[in-house]
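Since the structure comes first, as structure tokens, the remarks are kept for the end.
Side chains are part of it too, since the values below use all heavy atoms of this structure and drop only hydrogens, waters and symmetry mates.
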Amino acid sequence: MVDEIPFPPQITTTKPLSLLGHGITDIEIHFLQIKFTAIGVYLEPEIVGHLQKWKGKPGNELAENDEFFEAVISAPVDKFLRVVIIKEIKGSQYVVQLESEVRDRLAEIDKYEEEEEEALEKIVEFFQSKYFKKNSVITFYFPATSGTAEVPQMLGVRVELATSRI
């Protein structure tokens, strides 16, 4: 449970996926912590075979380990993010934060080029006019067999975004 928001231990897309971890996004303004979203990360149980190098390491150490993060992202397994809105937010505000984080991380590893910029523009355009009330749910699905991410659940809309290098 994150900030009184439950995350089931398992969900099913095309196959069962297990909850790997959860957390929040927040911002601190004048010593006040404002929580925006709770996020659950679900992966195929087969991910364990791709992460043996980190077996026995504490979670706080793994959270800071870029190599571990890269191994999770590049593992050939289905990945699913469940984002639950804690504080009402405009889609334009949500996507500015998302776009900034993704762009900065890609630029840091020298992978932000025209293709990535176009994919981010699609994401910005999609979220721009949305409004998220408390407890709204956004899901992102990353199939192991595809170079696209899907937003299969949000206001009844489904969008596919190219993520071949994101």
Side-chain angles (χ1 to χ4, degrees), residues 1-29 32-45 47 59 62-63 69-70 72-108 111-112 115-166:
M1 187 169 294
V2 177
D3 205 58
E4 299 182 20
I5 296 171
F7 285 92
Q10 188 176 68
I11 58 162
T12 300
T13 56
T14 57
K15 57 184 93 171
L17 302 176
S18 300
L19 180 64
L20 175 73
H22 49 66
I24 62 167
T25 59
D26 63 358
I27 189 169
E28 190 174 304
I29 300 175
L32 284 174
Q33 179 189 27
I34 300 171
K35 299 173 188 175
F36 289 102
T37 62
I39 301 170
V41 178
Y42 293 85
L43 301 164
E44 287 182 57
I47 187 79
L62 295 176
F69 179 75
E70 182 61 36
V72 170
I73 296 300
S74 62
V77 299
D78 286 1
K79 300 161 190 80
F80 187 91
L81 301 177
R82 181 173 182 261
V83 180
V84 181
I85 304 302
I86 295 173
K87 179 162 178 51
E88 290 188 19
I89 188 170
K90 293 178 184 176
S92 57
Q93 293 169 311
Y94 174 76
V95 79
V96 161
Q97 297 297 322
L98 182 65
E99 177 189 29
S100 176
E101 285 294 322
V102 171
R103 183 184 54 245
D104 292 352
R105 289 176 191 228
L106 289 172
E108 185 178 304
K111 289 190 175 181
Y112 187 72
E115 185 178 351
E116 290 76 18
E117 184 176 356
E118 288 173 9
L120 274 175
E121 285 174 9
K122 287 181 183 179
I123 294 169
V124 169
E125 183 179 314
F126 176 73
F127 283 105
Q128 197 70 37
S129 63
K130 309 296 186 252
Y131 184 82
F132 302 108
K133 294 181 180 179
K134 183 176 179 162
N135 295 321
S136 296
V137 176
I138 306 166
T139 61
F140 297 89
Y141 175 54
F142 302 86
T145 58
S146 175
T148 63
E150 300 172 4
V151 183
Q153 183 183 56
M154 188 194 74
L155 309 172
V157 178
R158 180 183 177 116
V159 171
E160 292 195 3
L161 306 166
T163 59
S164 60
R165 295 185 347 188
I166 293 181

Could you list the residues that satisfy side-chain contact (heavy atoms from CB on, under 4.5 Å) with Thr12, not counting sequence neighbours?
Pro16

Return the OG1 to OH distance between Thr139 and Tyr141, rounded to the nearest 0.5 Å.
11.0 Å

Gln128 atom CD: more than 12 heavy-atom contacts under 6.0 Å:
yes

Test of understanding: with salt bridge (charged side-chain N to carboxylate O under 4.0 Å, His left out), list the residues that count as partners of Asp3, not counting sequence neighbours.
Lys35

Test side-chain contact (heavy atoms from CB on, under 4.5 Å) applied to Val72 - qualifying residues, sequence neighbours left out
Leu43, Leu51, Phe68

Got a sec, which residues hit salt bridge (charged side-chain N to carboxylate O under 4.0 Å, His left out) with Glu99, two or more places apart in sequence or on another chain?
Arg103

Check: Ile24 and Phe36 side chains under 4.5 Å, non-hydrogen atoms
no

Among Leu19, Leu17, Leu81, exactly one meets side chain to side chain contact (heavy atoms under 4.5 Å, CB included) together with Val41. Which residue is that?
Leu81

Salt bridge (charged side-chain N to carboxylate O under 4.0 Å, His left out) against Glu70, all qualifying residues, sequence neighbours excluded
none

Which residues pass the side chain to side chain donor-acceptor pair (under 3.5 Å) test with Asn135, sequence neighbours left out?
none

Which side-chain N or O atoms in residues 84-98 pair as donor and acceptor under 3.5 Å with protein atoms at least two apart or in another chain?
from, atom 1, to, atom 2, distance (Å)
Glu88, OE1, Tyr131, OH, 2.5
Gln93, OE1, Lys90, N, 3.0

What pairs with Glu4 under side chain to side chain donor-acceptor pair (under 3.5 Å), at least two apart in sequence or on another chain?
none

By side-chain contact (heavy atoms from CB on, under 4.5 Å), which residues pair with Ala144, not counting sequence neighbours?
Glu44, Asp78

Arg105/Glu101 salt bridge by N-O under 4.0 Å criterion:
yes

Ring-face cation of Lys130 near Phe126 (centre distance under 6.0 Å, axis angle within 45°):
yes

Heavy-atom closest pair (Ile138 atom, Phe140 atom, distance to 0.1 Å) is CG2-CE1, 3.7 Å

Tell me, please, whether Tyr42 has Arg82 positioned over its six-membered ring: NZ or CZ under 6.0 Å from the ring centre and within 45 degrees of its axis?
no

What residues, two or more places apart in sequence or in another chain, satisfy side chain to side chain donor-acceptor pair (under 3.5 Å) together with Thr25?
Thr37

Is it true that a side-chain atom of Lys79 and a backbone atom of Ile73 form a donor plus acceptor pair closer than 3.5 Å?
yes

What residues, two or more places apart in sequence or in another chain, satisfy side-chain contact (heavy atoms from CB on, under 4.5 Å) together with Pro6?
Met1

